[in-house]
S.K.: 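Here it is, the structure, as structure tokens.
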Number of protein chains: 2
Amino acid sequence: MHEELRLDNQLCFRLYTVSRLITQAYTPFLCQLGITYPQYLVLMVLWEQDSQPVNDIAHRLVLETNTVTPLLQRMEKQGLVKRSKGKEDGRQTLVSLTKKGKELEEQAFNCIPSGMGQRMDPCQLSLEDYAQLRSKIDTIINKLK
Amino acid sequence: MHEELRLDNQLCFRLYTVSRLITQAYTPFLCQLGITYPQYLVLMVLWEQDSQPVNDIAHRLVLETNTVTPLLQRMEKQGLVKRSKGKEDGRQTLVSLTKKGKELEEQAFNCIPSGMGQRMDPCQLSLEDYAQLRSKIDTIINKLK
DNA sequence: ATTATTTATATCGCGAACGATTTAATGCGT
DNA sequence: ACGCATTAAATCGTTCGCGATATAAATAAT
């Protein structure tokens, strides 16, 4: 039995699990808005800055366009975003929020931060814990990216 | 602009990203073994304790059986595991390692810990950092589970 | 200018995740 | 023993994630 191959010693397994569990915790709130977690991420990117090419969105989310394109197509079908050809660069597809997509920001703001706060409350993470966790993960992300 | 909805303030997004990036870092090593990351997780569970019902494996991996069953079916097709009906409880499907599945442990041991160690090296995480990260994530996992 | 190369998206195929439903075996109450 | 709820897996449908490839526009090279 190799200690290095024990599941309990795997950082990656922990991160994979916690990522799924937190996403699941989001689900009931996102359901009310009729969106999925990856769609929520796209919306957050667009709420910060509307009308971006597919590439910029993908880059911001550290995803490939072959993941983001179908995601955006589904979001367009739901009426959350509009996709249009770039005028200066004809290769680009510019993605912008529809009225419905914009309106979701207020709805998200009203239920998600408070709801998720409550959900994470029993974890008893101090702001300091939180900041530490954040910075260590950022280190890993930046080195692997 | 709501600060709470900024992508950069989202713990979940970080965890989701880092999880994907580390999984991607595993990929070249796992490719040599002809397996995927979730398949590697299943193998680790079985290397620790061979011949387990689907439910126990799923529980250990914090996954549902509707994720694990197809995963195991693919692994059976590849000759990594064998699936057989439980004798005492006819509802169970017992999963056990084939010769090939057992042999992969040595191969994994030979390339993965060292290879991934190198890959994670530039992150400069001390053993202490690592332990802290681990315990905080465990706290979250246990509360959400 | 014409061709070659790079860049931006899109398409395709497969393996996960997961909610919802189904099937089959077990256990429980009467 | 009988019916009924419970439990273990499996199946189904949809969305992701991603390697590989295709398409088309822009840019560089000759």
Side-chain angles (χ1 to χ4, degrees), chain A residues 12-13 16-28 30-31 34-42 52-78 80-81 83-95 144-145, chain B residues 12-13 16-28 30-31 34-43 52-78 80-81 83-95 144:
Chain A
C12 187
F13 172 59
Y16 156 84
T17 301
V18 78
S19 162
R20 282 190 306 103
L21 290 176
I22 302 188
T23 301
Q24 283 172 31
Y26 269 95
T27 302
L30 296 175
C31 255
I35 58 179
T36 64
Y37 187 71
Q39 291 174 0
Y40 179 52
L41 295 180
V42 169
Q52 297 188 51
V54 174
N55 235 348
D56 290 12
I57 297 173
H59 200 255
R60 190 85 168 78
L61 298 179
V62 198
L63 289 167
E64 302 297 319
T65 64
N66 59 359
T67 296
V68 173
T69 292
L71 187 50
L72 291 170
Q73 288 169 339
R74 285 185 290 267
M75 291 177 77
E76 184 171 45
K77 219 182 297 177
Q78 293 177 249
L80 298 170
V81 300
R83 300 185 318 140
S84 55
K85 275 287 147 210
K87 293 186 187 21
E88 56 166 52
D89 186 336
R91 292 169 301 180
Q92 292 186 336
T93 297
L94 290 174
V95 183
L144 292 181
K145 200 157 59 179
Chain B
C12 187
F13 171 59
Y16 156 84
T17 301
V18 77
S19 162
R20 283 189 307 102
L21 290 177
I22 302 189
T23 301
Q24 284 173 28
Y26 269 96
T27 302
L30 296 175
C31 255
I35 58 178
T36 64
Y37 186 72
Q39 291 174 2
Y40 179 53
L41 294 180
V42 170
L43 288 175
Q52 296 189 49
V54 174
N55 236 345
D56 289 12
I57 297 173
H59 200 256
R60 190 86 166 77
L61 298 179
V62 199
L63 289 168
E64 302 298 318
T65 64
N66 59 358
T67 296
V68 174
T69 292
L71 187 50
L72 290 169
Q73 288 168 340
R74 285 186 290 267
M75 291 177 77
E76 184 170 45
K77 221 182 296 178
Q78 293 176 247
L80 298 170
V81 301
R83 299 185 318 139
S84 55
K85 275 287 146 209
K87 292 185 187 21
E88 56 166 52
D89 187 336
R91 292 168 301 180
Q92 293 185 336
T93 296
L94 290 174
V95 183
L144 291 182

S.K.: Indicate whether OP1 or OP2 belonging to dG15(C) is found under 4.0 Å from a side-chain N or O atom of Gln39(B).
M.R.: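 Answer is no, no contact under 4.0 Å.
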S.K.: Looking only at side-chain N and O atoms, does Gln92(B) come under 4.0 Å of OP1 or OP2 in dT26(C)?
M.R.: no
S.K.: Count the heavy atoms belonging to other residues, nucleotides or ligands that lie under 6.0 Å from NZ of Lys77(A), then report whether that count exceeds 12.
M.R.: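 No, NZ of Lys77(A) has 12 or fewer neighbouring heavy atoms, counting only those of other groups under 6.0 Å.
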S.K.: For the residue pair Ile57(A) and Arg60(A), establish whether any side-chain heavy-atom pair is separated by less than 4.5 Å.
M.R.: no
S.K.: So which heavy atom on Met75(A) is nearest to which on Gln39(A), and how close?
M.R.: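 Scanning both residues, the minimum pair turns out to be CE-O, 3.6 Å.
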S.K.: Could you check Thr27(A) against Met75(B) and say which one's nearest nucleotide on DNA chain C is further toward the 5' end?
M.R.: Met75(B)
S.K.: Just to confirm, is there a sub-4.0 Å distance from OP1 or OP2 of dA10(C) to any side-chain nitrogen or oxygen of Thr93(A)?
M.R.: yes
S.K.: When you measure from the side-chain N and O atoms of Arg83(A) to the phosphate of dA10(C), is any distance below 4.0 Å, counting only OP1 and OP2?
M.R.: yes
S.K.: Identify whether any heavy atom of Thr67(B) sits under 4.0 Å from a base atom; if not, whether one sits that close to sugar-phosphate; answer base, sugar-phosphate or nothing.
M.R.: base
S.K.: With respect to the phosphate group of dA17(C), does any side-chain polar atom (N or O) of Tyr37(A) fall under 4.0 Å of OP1 or OP2?
M.R.: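 For Tyr37(A), the contact criterion (side-chain N or O under 4.0 Å from OP1 or OP2 of dA17(C)) is not met.
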S.K.: Figure out the CD/C1' separation between Glu88(A) and dA26(D), and round it to whole Å.
M.R.: 12 Å
S.K.: Of the non-hydrogen atoms in Thr17(A) and Leu61(B), which two are nearest, and what is the gap between them?
M.R.: OG1-O, 4.5 Å
S.K.: When you measure from the side chain of Pro53(A), which nucleotide among dA9(D), dC18(D), dT9(C) comes out closest?
M.R.: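 Out of dA9(D), dC18(D), dT9(C), the nucleotide with an atom closest to Pro53(A)'s side chain is dT9(C).
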S.K.: Taking all heavy atoms of Thr65(B) and all of Pro70(B), pick out the closest pair and write down the distance.
M.R.: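 Closest heavy-atom pair between Thr65(B) and Pro70(B): O-CD, 4.1 Å.
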S.K.: Can you find an N or O donor on one side and an acceptor on the other, under 3.5 Å apart, linking the side chain of Asn66(A) with the base of dG17(D)?
M.R.: no
S.K.: To the nearest Å, give me how far apart CG (Leu30(B)) and P (dG19(D)) are.
M.R.: 13 Å
S.K.: Roughly, in whole Å, what's the span from CD in Glu64(A) to P in dT7(C)?
M.R.: 15 Å
S.K.: Taking 4.0 Å as the cut-off, does a side-chain nitrogen or oxygen of Arg74(B) come that near to OP1 or OP2 on dA16(C)?
M.R.: yes
S.K.: Both Asp89(A) and Leu21(A) contact DNA chain C. Taking the nearest nucleotide for each, which residue is further toward the 5' end?
M.R.: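 Its nearest nucleotide lies further toward 5', so the answer is Asp89(A).
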S.K.: Let me know the distance between CG of Asn55(B) and C1' of dA25(C), rounded to the nearest Å.
M.R.: 14 Å
S.K.: Given atom CG of Leu71(A) and atom P of dC18(D), what is their separation to the nearest angstrom?
M.R.: 12 Å
S.K.: Between Gln78(A) (CD) and dT14(D) (P), how many Å, whole number?
M.R.: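 Gln78(A) atom CD is separated from dT14(D) atom P by 13 Å.
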S.K.: Roughly, in whole Å, what's the span from CG in Leu63(B) to C1' in dA8(D)?
M.R.: 16 Å
S.K.: Taking only N and O in the side chain of Thr69(B), is any of them less than 4.0 Å away from OP1 or OP2 of dA10(D)?
M.R.: yes
S.K.: To the nearest angstrom, how far is Leu61(A) atom CG from dC16(D) atom C1'?
M.R.: 13 Å
S.K.: Quick check for you: among dA25(C), dC18(D), dA8(C), whose closest atom lies nearest to any side-chain atom of Arg91(A)?
M.R.: dA8(C)
S.K.: Is Gln73(B) near enough to dT11(D) that one of its side-chain N or O atoms lies under 4.0 angstrom from OP1 or OP2?
M.R.: yes
S.K.: Tyr16(A) side chain N/O closer than 4.0 Å to the phosphate oxygens (OP1, OP2) of dA17(C)?
M.R.: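 Tyr16(A) to dA17(C) OP1/OP2: side-chain N or O found under 4.0 Å.
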S.K.: Going through the distances and angles, do Lys85(A) and Thr93(A) end up as a side chain to side chain contact (heavy atoms under 4.5 Å, CB included)?
M.R.: CA-CA 5 Å; Lys85(A) 275 287 147 210; Thr93(A) 297; 3.3 Å; yes
